[in-house]
Amino acid sequence: MTDASTPLIVGGSAPSAARPDADLLEGLNGPQREAVTYRGQALLIVAGAGSGKTSVLTRRIASLLRTREAYPSQILAITFTNKAAGEMRERVHQLIGQKADGMWISTFHSACVRILRREAEQFGFTKSFTIYDSGDSRALIKRLVKEHEGDSFGLTPAGTQSRISKLKNELADAESYARSANMSDPAERVFVEIFSSYQRELQRANAFDFDDLIAQTVYLFRAFPQVADVYRKRFRHILVDEYQDTNHAQYALIHELTRPVGSDAEPFSSGGMMIFDAEPAGEDAASLTVVGDSDQSIYAFRGADIRNISEFERDYPGAKVVLLEQNYRSTQNILSAANAVIANNFDRKDKKLWTDVGAGDPIIGFTGYSQHDEAQFVADEIEALHKKGVDYSGVAVFYRTNSQSRALEEIFIRSAVPYKIMGGTKFYERAEIKDALAYLVAVANPADSMALRRILNRPRRGIGDVTETAIARYAAEHDITFRDALANSAQLGVGPKLQKAIDQLDAVLTEATAVMLPASGELAPSTSVTEGLTLLLNKSSYFDALRASKDPQDEARLENLDELIAVTREFARNNPEGTIIDFLTEVTLVADADDLDDASGSVSLMTLHTAKGLEYDAVFLTGVEEDLLPHRISANEPGGPQEERRLFYVGITRARKRLHVSLAMTRAQFGEVTVAMPSRFLQEIPADLIDWRQSPGDVNGRGGSQSRALNARGRRPGQPGGGNRYGDDLVPLPKRAPADPSKFPNRIPAKVRDNGDMVLAAGDRIRHDDFGEGRVDAVTGEGAKRVAHVRFDTVGPKKLLVKIAPIAKL
DNA sequence: TGAATTGTTGTTTTT
DNA sequence: CAACAATTCA
């Protein structure tokens, strides 16, 4: 069956015209070609940013199919996001057409859901299990922490959730953790209790959380070797993208799948002969290809283990390693900056990206007085690019935290820059959407009492805490589900008004069930999801309540629900066979960032994490400040600052032609205006690569040496684009002794002066430590962001941040 | 039960 | 400055 044993003779040499896949190798360099054609048990492709790895991966798949070494159904390709999966499918399709159908190209999570749905009955779940997203599981954990009085032991819901998640990613469960934990510590005991009741609740609700999807699949494979063998036989070629971001559970899953068929069959079939893991895999084991770049590992916080890639050769003896270092995306200036930055991470294999497209434009730097000022620069610059013919969709703005998008949005709206936020405040996290989905879950998975509890009093029916507990108690006493308890409202011991409310809810749910899950056994058409959802929202009076409300926000909520209904229609169109369960699965696993791929005509705004794997002609990296990038919280975490540096590196390497880095001198965070310092990462970029429109030195006025060092060449006179409104009043900086090059070039005094209460008005004369005396023209802004426009006698006009400028009133 | 008010607290990245 | 929790009052 496996014709893969017929070795293909390749090497890096030119493809012979006879090869059926010769056209697939066109335009590839030597290492790329080898990555496509190598055949063997294990292949590691170390692919630097922009080195064409997606191209290599898709051609490798296409080549396997074209040469008939594999059927589509024998291929399992794992990507990190659904969007990447879609792209890969699309590109393989372009290469070889229809034959691409039948492959599994999906994320770890989607692939596991598919397996689990098929095998759920093996271990106490049903096919119609639902998936808890992090919000759902947080809600459940919150309840459990309260019930177990975890707060008196210092357990917070958030902390507990992340601990449980980490443990699951390590394939630990409550029991195994308890064995290793110090159980004499009462806090540990309570934690274990919460952990195990959380797991029990999930099972009772017939639900998995995100981490379970992977971990339980591994358990399934380990507990039922004959089930695992089904998939081992099926998947002959497994390819994993972004391997540096896999966690232990994902690693284990891949490991299970790439073991020889029958290797861990029941004792009787191995006939007393022990078969070891390390035994040569033989041709029965699937071939494994992984692609990764340890410099782009940015998900350690989620349990990603960089060792999965660094120890690949140990885990898969005889593995072939191919290095892709030539970059086809960015200009040399951008790559030099990236190389210089990442070189500061010790403990990494040296790797240098290079290109032959030339130096390109310098990197543009800008320092704003506030985040609004910074945003205005970004908006103006985008407009300038647009006038030069750069399409909006070729521009992206990155930031470290989601909250930074607000200032940008405000300015973009005012400046009429079309934009789209990728992944931000998620559509599916809005309360009204979660409510609507909870209605659907209540129908699709009646065991899920969490969903039911959520909608019990939405819209308001007068069902409060007391009634909810009454229902729960009744359910427990009679050993029926929460859902079934609703049908017996008369026996709950509640008032007649409440009885009626419960009866009504029960009736609505029953009616919707008949629509979406007909008892007759016939399959409901996929349009029934739209029908059922509309029915639920109408007959539950959810719509009525919103329409009657005076809260102006409720209008937007109605629109959002309309949008959700539109999503169900779209779903029905794309999945003629789709059931309500399929719909719910898709909605929980497909993040917003994934389906918004069509940002045509808009600038894309996103976090640095979301940016991974994407590329744009022009990139703006904003908020490059200490405590933001690197983020303050990372400072105390082992490996934190290094991961932040990789994040910065990922951001830089997204840019094809133009890169902008910007920061603000002050940033408003929870009501307080704080003074920000330039990020250490800026110092790591060679000074001659950055052209500062306005350097940190220009802004805090302490600048002579700093700004000159940051911009060794000074502002280039006569440079087009000098009409930039920020450049207008910039003047050559005063002469000073050259800065000590051994010092950080843009170090800002750690101790920040505070002139917060200095009263300045137009006409005042002041003295500046560096610029000498001058006259105040105007003062703009408020509070900590007050900016003085000063005309100095010797150096001309400058803008100064009053709060921190080294100035004194005369 | 639910609305309104005050107080508290946290402040990163995501499938 | 949020969002959220606890508290008070109708």
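Lettering of chains follows the sequences in order, A, B, ..., and the numbering in each one begins at 1. This structure is a prediction, so every number in the text was calculated from the model and none was measured.
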Phosphate-side-chain proximity, A/T610 and B/dT14, N/O vs OP1/OP2 below 4.0 Å: yes
No-H, no-angle donor-acceptor pair, A/R400 side chain to B/dT13 base, under 3.5 Å: yes
Phosphate OP1/OP2 of B/dG2: any A/N457 side-chain N/O under 4.0 Å: yes
Side-chain N,O (A/N402) to OP1/OP2 (B/dT14) below 4.0 Å: yes
Nucleotide of B/dT15, B/dA3, B/dT13 approaching A/F210 most closely (side-chain heavy atoms): B/dT15
Lys NZ or Arg CZ of A/R117 over A/F129 ring: under 6.0 Å, within 45°: yes
Protein-nucleotide distance (A/K612, atom NZ; B/dT15, atom P), rounded to Å: 10 Å
Residue A/T467, side-chain heavy atoms: nucleotide from B/dT14, B/dT1, B/dT13 that is nearest: B/dT1
Charged tip of A/K612 within 45° of A/F80 ring normal and under 6.0 Å: yes
Any donor-acceptor pair under 3.5 Å from A/N169 side chain to A/R302 backbone: yes
Length of the line joining A/R138:CZ and B/dT15:P, which is rounded to integer Å: 15 Å
Donor-acceptor pair (no angle test) under 3.5 Å: A/H109 side chain, B/dT15 base: yes
Integer-rounded Å distance: B/dT12 P and A/H631 NE2: 5 Å
Spacing between A/L456 atom CG and B/dG2 atom P, to the nearest angstrom: 11 Å
Nucleotide B/dT14, atom P - distance to CD1 of A/I214 in whole Å: 18 Å
Short side-chain N/O contact from A/R460 to OP1 or OP2 of B/dA3, under 4.0 Å: yes
Separation of C/dC1 C1' from A/R667 CZ (nearest whole Å): 15 Å
Given B/dT15, B/dT14, B/dT13, the nucleotide with the shortest approach to the side chain of A/T107: B/dT15
Side-chain N or O of A/S634 closer than 4.0 Å to phosphate OP1/OP2 of B/dT12: no
Check: A/Y231 ring centre within less than 6.0 Å of A/F221 ring centre: yes
A/Y299 over B/dT14, stacked by centroid distance under 5.5 Å, angle under 30°: no
Test: A/R645 cationic atom under 6.0 Å from A/F681 six-membered ring centre, within 45° of axis: no
Validation row, ring centre A/F191 to ring centre A/H148 under 6.0 Å: no
Separation of atom CG in A/L628 from atom P in B/dT13, rounded to whole Å: 10 Å
Main-chain N/O of A/Y243 paired to A/T246 side chain as donor or acceptor, under 3.5 Å: yes
Nucleotide of B/dG2, B/dT14, B/dT1 approaching A/V466 most closely (side-chain heavy atoms): B/dT1
Consecutive-pair stems (3 or more, Watson-Crick or G-U, under 3.5 Å) for DNA chain B: B:1-10 with C:1-10
Touch class at under 4.0 angstrom, heavy-atom based, for A/F80 against every strand present: sugar-phosphate
Phosphate contact (B/dT14 OP1 or OP2) by A/T607 side-chain N/O below 4.0 Å: yes
From A/Q404 atom CD to A/E409 atom CD, the distance as rounded to the nearest 0.5 Å: 13.0 Å
Distance in angstrom units between A/L608 CG and B/dT14 P, rounded: 10 Å
Selected nucleotide, minimal atom distance to A/R406 side chain, candidates B/dT13, B/dT12, C/dA2: C/dA2
Donor-acceptor side-chain pairing of A/N82 and A/E586 below 3.5 angstrom: no
Side chain of A/K142 (C-beta onward), nearest among C/dC4, B/dT14, B/dG2: C/dC4
